[in-house]
Amino acid sequence: MSVHLVNPSDNSFGTAVITPRWLFVLAAATPREVGDPILIDESIEQIVPESIAPGDIVGISVHTGNALRGYHVGRMARERGAWVVYGGIHATLFPEEAFERGEAHAVVKGDGDIAWGNVVRDCLAGNPGKIYDGGRIEGSQFLAARWDLMPPEKYMWASVQTIRGCPKHCSFCSVWRTDGQQPRQRQYQSVIDEIVDLRRIGFRFIALADDNFYPVTLTDLRLAREQGNTAKVEELMAIRTERFQLMAELAKLPKDMVFFTQITMEAGEDGEYLDAMRKANIKGALVGVEAVTPEGLKAVFKDFNYSGEALANQLQTFKKHGVHVLGSFIFGLPTDKPATFDATVEMALKAGVTFAQFVMMTPFPGTVDFARWEKEQAKAPEMVGDVPITRYWLIPTETRPKMFTPHPSMSSDEIRDRTQKVWDRFYDWGAVWKRSDCVPNLKARIAFIFLSKLYRQMYAGTGISTDSARRKKSKTTARWMAAQCKKLFQAKPMPELRSPTWDVSFTPSAMRPAFMRNNLQEQTSPFVVIPKR
């Protein structure tokens, strides 16, 4: 009997940019008595059906984008006599769908760190439950990933998570509903221990795979003080202090390390925080810009962001403090006009955004936008074949629309074409070469150019294209580029690197660090981390 953990994907590139963290975390959650699980990341290579035997246990994590492929894998595994278990954000929202479409034996809702072990033991006993509710575990319960099971030559970046949940309430995002608005923060000592483990085996590029690395804003603190809410101020300050403690420790790691994370635009108002990020070698961050007009920001409940000239200035602030921005923009909002596309790319170029992604408005389950759209569709349901448009993830890729919600003044094809042109303009050779001056030498500039083109190929060429021949060509090109780009991120392993020895008297509520460093002794952290779903 073997345990298989599968990350489903329709696009296999042979090499992946960032490790799918959940695979290696649930590997750590797998009971030792069943041995090491077999990990299959289909963004690298697809699963071989013959590897599944009767009595095996197959765990599949699905988000909305890969649910259809995940259900296909599950049906195949069940046909071969395996126990089939689904988890992930989509299975949490639609558990019954996993039974109906994916022939599940069981579904894990919420966090899987503790629940997964229970599922495996119940399957071994031949009596799995139907629904396992993992809930939202505390940061101290997050599991550290089993990086010893990872093929390091297949990934450019590793991933470590430091916090889950987001206090915002953006209309297009489900994180604040599925993972909560109360930040669940992992103790910084366990984060450092895991990063040291990764650097030992040769990873120096690491994504801090957080929902929001900036969980407490200056505005949050100001409002709590104005309300005279002393308890809230203390709570927010404790979270903020832990963030600074983490960054102070990151700054002590080997100087060749590069970190990347995800934060909100409000961090641009917090120079102290950005300076701490720079000192910690957090070189870049995905920042949700979303829209460049006040009307667009209001439409997605994100009117705490700036627009216009103030937006450009705030984006430039990140760069002035040494933090490069991967700006995320959404097209297809009801307020968008044809001129919005040019205005957006011009803003991104003017503001000095280092990377950018331009996505078409998609109503994801669990979001305010989806609930509003589903309610509207109930009045006059639209079908694609025998599938309601509100279950678009069940429509085969070759017939699935690229836009699902009608726009008041533009067709879906027009929005798609204009979005593609924005990608092309932002990532043309001249623009990429100009932006590559942000790195120190020619080798780094070559790496920057390769990564820029690879990013555009993976996310625009295969994601927006509707023509099957173009998609196939884009996948082939991306596969070749990924293999070449991987070489630029390889680093010499540092097996001699040691973790600090943390003072056991430290408590999470401490307002000042109470630890000491001893590079002669290695300590294995008892703490653990949860997957980004």
Taking the side chain as C-beta and beyond, is there a heavy-atom pair between [X] and [Y] under 4.5 Å?
X	Y	value
Ser9	Arg69	no
Phe13	Ile44	no
Ile282	Leu250	yes

Item to check | Partner of Phe355 by ring pair (Phe, Tyr, Trp, His ring centres under 6.0 Å), out of Phe426, Phe329, Phe448 | outcome: Phe448
Item to check | Stepwise salt bridge (charged side-chain N to carboxylate O under 4.0 Å, His left out) check, Glu235 with Arg240 | outcome: CA-CA 9 Å; Glu235 175 192 339; Arg240 182 176 171 88; over 6 Å; no
Item to check | Phe358 and Trp423 aromatic ring geometry - parallel, tilted or perpendicular at 30°/60° bounds | outcome: perpendicular
Item to check | Parallel, tilted or perpendicular: rings of Trp157 and Phe205 (30°, 60°) | outcome: tilted
For the residue pair [X] and [Y], confirm or rule out a side-chain donor-acceptor distance under 3.5 Å.
X	Y	value
Glu42	Ser12	no
Thr30	Trp116	yes
Asp41	Ser43	yes
Ser171	Asp369	yes
Thr217	Asp220	yes
Ser174	Thr367	no
Tyr214	Gln262	no
Thr162	Arg243	yes

Item to check | Between CG on residue Asp179 and CD1 on residue Ile163, distance to nearest 0.5 Å | outcome: 11.5 Å
Item to check | Atom pair OG1/CG of Thr344 and Leu349 - distance to nearest 0.5 Å | outcome: 11.0 Å
Checklist entry - Does the ring centre of Trp147 sit less than 6.0 Å away from the ring centre of Phe24? => result yes
Checklist entry - Does the gap between the ring centers of Phe244 and Tyr273 come in under 6.0 Å? => result yes
Next on the checklist: Distance to the ring centre below 6.0 angstrom and angle to the axis at most 45 degrees; does that hold for Arg425 and Phe341?
Outcome noted: no
Next on the checklist: Between Asp275 and Glu272 (side chain of the first, backbone of the second, donor and acceptor by atom type, cut-off under 3.5 Å), is there such a pair?
Outcome noted: no
Item to check | Evaluation steps, ring pair (Phe, Tyr, Trp, His ring centres under 6.0 Å), between Phe370 and Phe364 | outcome: CA-CA 6 Å; Phe370 184 87; Phe364 285 108; 9.1 Å; no
Checklist entry - Arg186 and Glu242: salt bridge (charged side-chain N to carboxylate O under 4.0 Å, His left out), yes or no, with the steps? => result CA-CA 9 Å; Arg186 185 184 179 193; Glu242 183 89 3; over 6 Å; no
